[in-house]
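Reviewing the structure listed below.
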Number of protein chains: 2
Amino acid sequence: MLRCRLHDSRVTLDSARARTYLPPGMKCSASTAAPPSVRGRPREFDPDEALAAALRVFWARGYEGASMAELTEAMGITKPSLYACFGNKEALFKKALDLYERDKLAYIGKALEAPTARGVAERLLNGAVATHCGDSDPHGCLGVISTVVCAAEADPIRADVIKRRASSEAAVVKRFEQARRDGDLPDSVCPTKLASCLTTLLQGLAVKAQGGAQPEELQGSIDTFLAMWPGR
Amino acid sequence: MLRCRLHDSRVTLDSARARTYLPPGMKCSASTAAPPSVRGRPREFDPDEALAAALRVFWARGYEGASMAELTEAMGITKPSLYACFGNKEALFKKALDLYERDKLAYIGKALEAPTARGVAERLLNGAVATHCGDSDPHGCLGVISTVVCAAEADPIRADVIKRRASSEAAVVKRFEQARRDGDLPDSVCPTKLASCLTTLLQGLAVKAQGGAQPEELQGSIDTFLAMWPGR
DNA sequence: CCGAATATATACCGGTCAGTACAGAACATC
DNA sequence: GATGTTCTGTACTGACCGGTATATATTCGG
């Protein structure tokens, strides 16, 4: 499983290449706001669209399962264009992951704004089913796929995704602590453990969706869970 | 993602090869109980031990992530020996999966014998944590890994694992229907949905274990879930 | 001791992997 | 139009993939 890592992509990318792509969410507005500096032949594709296409491939196949040939075909560009614009496969994946969190996981932030703890759980669970069983996108959760699939234990992709998920769960914990202060949750329940239980169920939903489960079946899990919910 | 499928392994295996390996659980005792018929050079390795080693590799790396080189090294044999004994990578994986279900998932059958529905759930959840967080084996669930990882939608490995899991869940459903007749569960709960919820949580536990979660954290999810449990 | 039968080890097959060298094409500036 | 800069397409690299051909050991029945 030793992969070819003959060159240091960061050097060629950050110094020699000036026009690498940044996903729309993260503008580096702090630096010198130079004019777009369009000298030379203009790019013939839209990096946003290409990245969206790459996201769909990674989502359907996983990081290792997505080959560069498949990616370039879906993105409608050739390999040199991809490498010039996005760096390498790993950098492309991280940018796709950023896009995924920003677009497809936006429901998480919204869910945390629900007025009650139960409302938070309800929105999270329904949002997960809608996202992971949607007809226009691949089934399953890109985060779960990436956590589970990656080969080597020390894989930086895996570590990155796990770290991102931990911060999401921490946000749920904080929300549930607030809910207990608000009286949404009885004092007998531990916010940390309840959040852990909820996120565990969420990840299970993602696995089942990945396996082709129908949304109605997942809805059954959700209904049962919410019927057991301790509090309002 | 087109894989090399140049030969039909079943033909060469079942007809030409007579001494292919069968996991210990599935003796074909019905057929002619011929003497071991050890003509020719004897095998220098123990197929049971080799299969157990292969299982650990698949468990840690997934089906596609495990390379034949890694497998043969862990098994202590060469590639021709592997192919002669186990067929090909896919057949080896299925045999490893059989061994996994027989040895590592034995707690599921035991759990279904618990006297109450709550007892069934408790044993299933605790058994999952013990199995997927053990120190002597890779973390996570081979079934979940295999479901999530496989590349092509039509991959027979994926389909096989999903089918196996469906039969497990069906067994839980039947057990919960019995539990409701026994009065373990209130009439308001649907056995199917409750089983779905439980197995969803179980798969979420596997994902978290895969990501390196400590058993104490998973125990928190379990405690919370069982505290919410409807019935006895 | 002789072949038949089976297992082993080496070396190899075509194919795919991620990544790149190179030449030509398209633009801005001079 | 010349020049410099950037992008695009073709063709390629070395490494690894799953799987196998071949030759050599090692055992058996005869």
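Residue numbers begin at 1 in each chain, while the letters A, B, ... track the order of the sequences.
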Given DNA chain D, 5'-ward residue of the pair A:Ser81 and A:Gly40, judged by closest heavy atom
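Result of the comparison: A:Gly40.
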Which of these nucleotides, C:dT10, C:dT20, D:dT5, is closest to any side-chain atom of A:Tyr83?
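Nearest to the side chain of A:Tyr83 among the choices is C:dT20.
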Which nucleotide, C:dA21, D:dC17, D:dA21, lies nearest any side-chain atom of B:Ser67?
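Out of C:dA21, D:dC17, D:dA21, the nucleotide with an atom closest to B:Ser67's side chain is D:dC17.
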Just the rounded figure in Å: distance from [atom2] of [N] to [atom1] of [X].
{"X": "A:Phe45", "N": "D:dC7", "atom1": "CZ", "atom2": "P", "result": "8 Å"}
{"X": "B:Phe93", "N": "D:dG19", "atom1": "CZ", "atom2": "P", "result": "14 Å"}
{"X": "A:Phe86", "N": "D:dC7", "atom1": "CZ", "atom2": "P", "result": "12 Å"}
{"X": "B:Glu44", "N": "C:dT6", "atom1": "CD", "atom2": "C1'", "result": "12 Å"}
{"X": "A:Arg43", "N": "D:dG9", "atom1": "CZ", "atom2": "C1'", "result": "16 Å"}
{"X": "B:Glu73", "N": "D:dC17", "atom1": "CD", "atom2": "P", "result": "12 Å"}
{"X": "A:Met68", "N": "D:dT10", "atom1": "CE", "atom2": "C1'", "result": "17 Å"}
{"X": "B:Glu64", "N": "D:dG19", "atom1": "CD", "atom2": "P", "result": "12 Å"}

At under 4.0 Å, does any side-chain N or O of A:Arg39 touch on OP1 or OP2 of C:dC27?
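It does not, given that no N or O in the side chain of A:Arg39 lies less than 4.0 Å from OP1 or OP2 of C:dC27.
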Look at the side-chain N and O atoms of B:Thr78 and state whether any lies under 4.0 Å from the OP1 or OP2 oxygen of C:dA9.
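So the side-chain polar atoms of B:Thr78 do come within 4.0 Å of the phosphate oxygens OP1 or OP2 of C:dA9, strictly under.
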Please confirm whether any donor atom in the side chain of A:Arg41 sits under 3.5 Å from an acceptor in the base of D:dC7, or the reverse.
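When only heavy-atom distances are counted, A:Arg41 does reach the base of D:dC7 through a donor-acceptor pair under 3.5 Å.
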Base D:dG19 paired with B:Lys79 side chain (donor-acceptor, <3.5 Å):
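Between D:dG19 and B:Lys79, which were checked side chain against base, a qualifying N/O pair under 3.5 Å is present.
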Could you walk me through whether B:Asp137 and B:Lys104 pass the salt bridge (charged side-chain N to carboxylate O under 4.0 Å, His left out) check?
CA-CA 10 Å; B:Asp137 285 319; B:Lys104 311 294 179 181; 2.9 Å; yes
Take the angle between the ring planes of A:Trp59 and A:Tyr100 and call it parallel below 30°, perpendicular above 60°, tilted in between.
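Rings of A:Trp59 and A:Tyr100: perpendicular, as their planes differ by over 60°.
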On a heavy-atom basis, which atom in A:Phe93 and which in A:Ser146 lie closest, and how many Å separate them?
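Scanning both residues, the minimum pair turns out to be CZ-OG, 3.1 Å.
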More 5' along DNA chain C: B:Ile77 or A:Ala69, using each one's nearest nucleotide?
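Checking each residue's closest nucleotide, the 5'-ward one belongs to B:Ile77.
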Answer yes or no: is there an ion pair linking A:Glu64 with A:Arg61, defined by an N-O contact shorter than 4.0 Å?
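A:Arg61 and A:Glu64: not salt-bridged.
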Find out whether the Lys NZ or Arg CZ of A:Lys89 is both under 6.0 angstrom from the six-membered ring centre of A:Tyr63 and within 45° of the ring's axis.
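Yes.
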Under 4.0 angstrom, heavy atoms only, what part of the nucleic acid is A:Pro42 near: base, sugar-phosphate, or nothing?
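Sugar-phosphate contact only.
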